[in-house]
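All of these numbers come straight from a predicted model, not from anything done at the bench.
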Amino acid sequence: MAVNDSDIAPPASIPGSAGRMIGGVDCRDVAGCTCLRLRRAGRMATQIFDAHLQPAGLTIGQFGIMTQIYGSSLSRPPLTMKELSNAIGMDPTTLNRTLKPLEASRLVGTAPDGRDRRARCIHLTKSGRNRLAQAMPLWRAADKELRRTVGAETSLALSGLLSLASEKLRKPE
């Protein structure tokens, strides 16, 4: 796509807030955006965990989903896609996209739900359980690194605040 000179806004040359305003908002206000700060910290933490989990061939997102599937399977029938989506706070489309490589690698499998044939249930395969077991010490090392990096007090406070925020943000079913 070609860009015309008229499509490029010139930098504000006038000091003060007038040059920083766009859409009626001072751009400096965005620096305090909680969502953007969460995303930045999340990306940094993800880099630590993904690097540690790489020898197991998993990302932290895949690892988290596999752990949820495994943990749930210990006390109940396999989760449906909708139940798994709700449990991890991920929209079904993104969950499906994340599950595709796990299915292709035969780490997870799906089957029709016995209660509702339209729904699919997700389960870990034997290979998936083995891979998850391989990844657990790698995850532990990443978790220790993150805690060491941010400090025990910050880690504890952050964990509590994120849990509280998740509860408040969770949509009622």
Side-chain angles (χ1 to χ4, degrees), residues 27 29-111 113 119-173:
C27 291
D29 292 346
V30 176
C33 175
T34 302
C35 183
L36 291 175
R37 286 178 176 200
L38 277 169
R39 290 177 60 85
R40 181 178 35 226
R43 283 190 301 272
M44 292 171 165
T46 295
Q47 290 171 1
I48 292 169
F49 281 84
D50 281 353
H52 279 274
L53 290 169
Q54 193 277 327
L58 296 174
T59 66
I60 187 61
Q62 293 168 332
F63 174 84
I65 289 170
M66 290 175 67
T67 303
Q68 181 70 46
I69 294 168
Y70 177 75
S72 296
S73 74
L74 299 175
S75 61
R76 51 157 297 157
L79 294 170
T80 64
M81 287 285 283
K82 183 178 180 182
E83 291 168 335
L84 180 57
S85 174
N86 289 338
I88 61 176
M90 183 182 282
D91 70 87
T93 303
T94 304
L95 174 60
N96 203 28
R97 199 170 37 246
T98 305
L99 286 172
K100 288 284 185 214
L102 296 174
E103 284 183 277
S105 299
R106 300 189 193 290
L107 300 176
V108 300
T110 62
D113 183 5
R120 290 183 349 185
C121 288
I122 313 299
H123 64 275
L124 281 185
T125 63
K126 184 176 183 200
S127 294
R129 286 189 302 278
N130 291 339
R131 183 77 62 90
L132 188 57
Q134 175 193 0
M136 282 296 178
L138 303 173
W139 171 84
R140 174 72 71 205
D143 190 57
K144 283 182 181 177
E145 180 181 333
L146 181 68
R147 290 172 187 274
R148 184 177 55 252
T149 302
V150 301
E153 190 174 297
T154 300
S155 183
L156 185 63
L158 187 56
S159 183
L161 288 171
L162 290 172
S163 292
L164 179 62
S166 291
E167 286 304 313
K168 289 185 175 202
L169 290 168
R170 187 171 295 281
K171 293 181 172 111
E173 292 182 39

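Partners of Asn96 by side chain to side chain contact (heavy atoms under 4.5 Å, CB included), not counting sequence neighbours, listed by chain and number: Met81, Lys100, Arg120. Gln68 pairs by the side chain to side chain donor-acceptor pair (under 3.5 Å) definition with Ser72, not counting sequence neighbours. With sequence neighbours left out, Lys168 forms a side chain to side chain contact (heavy atoms under 4.5 Å, CB included) with Leu164. Listed by chain and number, the residues in a side chain to side chain contact (heavy atoms under 4.5 Å, CB included) with Ala157 amount to none (sequence neighbours excluded). With sequence neighbours excluded, no residue satisfies side chain to side chain donor-acceptor pair (under 3.5 Å) with Gln54. Remark: Ala142 pairs with Ile48, Phe49, His52 by the side chain to side chain contact (heavy atoms under 4.5 Å, CB included) rule, at least two apart or across chains.
Distance check: Ile88 CD1 to Ile65 CD1 gives 4.0 Å after rounding to the nearest 0.5 Å. A distance of 6.5 Å separates OG of Ser127 from CG of Leu107, quoted to the nearest 0.5 Å. Here Ile122 contributes atom CD1 and Leu99 contributes atom CG; the two are 5.5 Å apart, rounded to the nearest 0.5 Å. In this structure, the separation between CG on Leu132 and CD1 on Ile69 is 9.5 Å, given to the nearest 0.5 Å. Rounding to the nearest 0.5 angstrom, the gap separating the OG1 atom in Thr110 from the NE2 atom in His123 is 7.5 Å. The OG1 atom of Thr34 sits 13.5 Å away from atom CZ of Arg39, with the distance rounded to the nearest 0.5 Å.
Remark: the backbone N or O of Asn86 is paired with a side-chain donor or acceptor of Arg170 at under 3.5 angstrom. Side chain of Ser85 to main chain of Met90: a donor-acceptor pair is present (N/O by atom type, distance under 3.5 Å, no hydrogens or angles). Between the side chain of Thr125 and the main chain of Gly109, no donor-acceptor pair closer than 3.5 Å is present. No donor-acceptor distance shorter than 3.5 angstrom exists from the side chain of Ser159 to the backbone of Ser155, with no hydrogens or angles considered. No donor-acceptor pair closer than 3.5 Å links the side chain of Arg131 to the backbone N or O of Phe63. One N or O on the side chain of Thr154 and one on the backbone of Val150 form a donor-acceptor pair closer than 3.5 Å.
For residues 43-67, no residue pair satisfies the salt bridge (charged side-chain N to carboxylate O under 4.0 Å, His left out) rule, not counting sequence neighbours. Listed by first and then second residue, the salt bridge (charged side-chain N to carboxylate O under 4.0 Å, His left out) pairs involving residues 147-164 are Asp143-Arg147 (not counting sequence neighbours). Listed by first and then second residue, the salt bridge (charged side-chain N to carboxylate O under 4.0 Å, His left out) pairs that reach into residues 56-65 come to none, sequence neighbours excluded. Among residue pairs with one or both ends in residues 80-93, those qualifying as salt bridge (charged side-chain N to carboxylate O under 4.0 Å, His left out) are Arg76-Glu83; sequence neighbours excluded.
The two residues Leu53 and Leu58 make their nearest non-hydrogen contact at CB-O, 3.3 Å. Of all the heavy atoms in Pro55 and Gln134, the pair that sits closest is O-NE2, 3.6 Å.
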request  = Run the numbers on Thr98 and Thr59 for side chain to side chain contact (heavy atoms under 4.5 Å, CB included), then give the verdict.
outcome  = CA-CA 10 Å; Thr98 305; Thr59 66; 5.8 Å; no
